Amino acid sequence: MNDFVTLNHGSGGKQSQDLIKNVFVKRFGIIEPLTDSALVWDSGKYLAFTTDAYVVDPLYFPGGNIGKLAVCGTVNDLAVSGAIPMYLTASFIIEEGLPMKDLIQITESMADEALNAKVKIVTGDTKVVERGKCDKLFITTSGTGFMNTGLEHISTGERIIKGDKLIINGPLGNHAIAVLGARNRLSFSTPVVSDCASLNHIIKKVLDRTEEVHFMRDLTRGGLASVLNELASMIKPGITVDEASIPVDDPVKGLCEMLGFDPLYLANEGKFLIVVGKGEEDKVLEILRSDPLGEKSEIIGDIVQGKNNRVILNTIAGGRRILDNLSGIQLPRIC
Amino acid sequence: MKFIDEYRDKELIMKLAGQIEKAAGHEYTFMEVCGGHTSAIHRFGIPSLLPKKIKLISGPGCPVCVTGKDFIDKLIACAGMDNVVIATFGDLIRVPGSSSTLERERAKGADIRIVISCLEALETARMNPEKKIIFPGIGFETTAPGTAVTIKQCEKDKTDNFRVLSAHKVMPPAMEAIIKEGVDIDGFICPGHVAAITGSSVFNFIPGKYKLGCVITGFEPVDILHAVLMLVNQKNLDMPKVEIQYNRAVTENGNEIAIRYLSEVFEPCNAYWRGLGVIPGSGLKLRKEYERFDAEKIYSPEIKPPEDDGLCICGEILRGKKVPGDCPLFARLCTPDNPVGACMVSNEGACNTWFKYRKDE
């Protein structure tokens, strides 16, 4: 392990996982596999419980702001576990000098999004720190919800078998590129808007109509590739995905070509991977596509007889290669 | 997307793969010089589309990979000076120097910022007049004109807090050095974006003097397969020449304005290439009239002479003599998280691409 924490430890890739395992999990005695929400069995019900910190820079980006993100992100962590999100807490670390109107606007976004997601923000905490001790505003939200019995396999993927199908609910990378664009004041001929959205309603539609959901995970930090690799390490069979079927919008594709980024590793805030039993994929696809948050859903791959916890990508060109975990943050290339 | 989708057309790709299969009468080894090609070849899974008889090996064209430890050490020395900001391309921050990296120095408090162009580094200088901004000039003929333009710009608006530490290099002398080392190849897949600047004619000496074929190609799967087919045909006919496959970007004479800027701002110098040693005339240093922007001259950062890399075989990989899988450190002691050699750092490095896409082999 390094002597210092570097930005790589926060990338969502291999080094983040190592940090979590080697520093936190072993000291807290958390039981693996690590899932987006903890499930606690209490009084005949599962209570799902999660927490997430939001430090996005800049505070505002096309399609949202840090407040909306802080609600969606935590709602989504609960929803992909199969739980119905109910209550959120919000704690604010505010840098001295933050304009009051920003704090109000961001808080209003949180309230709007909570209303939209049908969750209640029930308690919180406020700390103000000296200038330079944090960057404008950091928000941490925690959330709880209840989960019906019979869905506990969704976060661990234990029911996944060969033949299952992988589906995502739309194009990848828009959030990461929208934020990058806002941060670096890049101008796009077609605007790139963050996909930041609460996914609990669309997920509920799916869960209400099929019992064949074998796994769900939101595709946040580290993107689709990181989630697939995490999944591959949790299950016995292998995973194959078809690059050509993975939707990516043209402006995102273009910027990725220019900077040397791979959209499969870019963060999303309104996308999730869903693994469904063979034979159910068309039905699930139809449910997803009938919702505004899933209009561009696609089947992107299969669970296959596998080896070595590997994810194999059939490339656009018709070749095959490993789709690996990201090592460290994606760095813009030289040429 | 225009200029991309048509070069990723699966039908065309399969057709080219079929033609290559048919044309390949014996074994062939071609070297892709450019790191961008190495990365594209593996990202698209090109080796799985080629007959086993055709081997593609990576050359010295990843700018990060050929950067010596001493360069990183100098940057680290500069980063430790008062009021200095290093504004660098992202790839460079993870490259190991003798005992640290820019990334680790940043974690310890050095002011190191990632920029996506030299002009953005200049912008950083304008926004922070109280700081001295050092831009590590890294890359080949593709990126050096960007540095040249920025320096001209600096001169024009009299910005006095911007400096360049130049490790810019030019490609043809390195290709010649590899040939002279006796690398066993049947032709070069030549760097497309270098050639967009220099023109194809800079490679004429390769078929002329060394009887090796050269095809300048683009970075999409159709481009690369087409280039392989052209090289196979050249070899079959025993008619080595310089051919341009990438004719949507490359001409014989190149970008004359960029070439003029390059020669006005830089002059050739001897340069150290990691793994290849010092190659005469392969570097670009700032001309005397631009000395006031030269971080090397202004700061003369003092460093200890770097030691060699021990077991790391980056040198032999860059010369096309070995593949990453041959290295005792590969995927064991040397990984993208903890790179020993620079080839493991960059997206375009041979070891990094092998690790990401082919580590089962």
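In this text the structure is predicted, and so the values were computed from the model without any measurement. Numbered from 1 within each chain, the chains take letters A, B, ... in sequence-line order. Basis for what follows: all heavy atoms, side chains included, without hydrogens, waters or symmetry-related copies.
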>> Go through it in stages, so that I can follow the logic: the residues are A:R321 and A:N314, the test is side-chain hydrogen bond (donor to acceptor under 3.5 Å, both in side chains), and I'd like the CA-CA distance, side-chain angles, deciding distance and then a yes or no.
In response: CA-CA 7 Å; A:R321 64 158 166 97; A:N314 293 323; over 6 Å; no
> Which bit of B:L50 is near chain A, if near means a heavy-atom gap under 4.5 Å: side chain, backbone, both or neither?
Replying inline: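 Neither the backbone nor the side chain of B:L50 comes within 4.5 Å of chain A.
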>> Which atoms of B:F355 are under 4.5 Å from chain A, going by heavy atoms: the side chain, the backbone, both sets, or neither?
In response: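 When you check distances to chain A, atoms from both the backbone and side chain of B:F355 fall under 4.5 Å.
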>> Between A:E257 and B:R8, does any NZ, NE, NH1 or NH2 come within less than 4.0 Å of an OD or OE carboxylate oxygen?
In response: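 Looking at B:R8 and A:E257, the cut-off is met.
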> Sequence neighbours excluded, which residues qualify as side-chain contact (heavy atoms from CB on, under 4.5 Å) partners of B:R248?
Replying inline: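 side-chain contact (heavy atoms from CB on, under 4.5 Å) list for B:R248, sorted by chain: B:Y7, B:E220, B:D223, B:Y246.
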>> What verdict does the side-chain hydrogen bond (donor to acceptor under 3.5 Å, both in side chains) test give for B:H37 and B:T217, after you've listed the backbone C-alpha separation in whole Å, the side-chain angles of each residue and the deciding distance to 0.1 Å?
In response: CA-CA 9 Å; B:H37 281 140; B:T217 191; 5.1 Å; no
> In terms of heavy-atom pairs under 4.5 Å with chain A, which of B:H42, B:E120, B:R43 leads?
Replying inline: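 Of the candidates given, the most pairs with chain A belong to B:R43.
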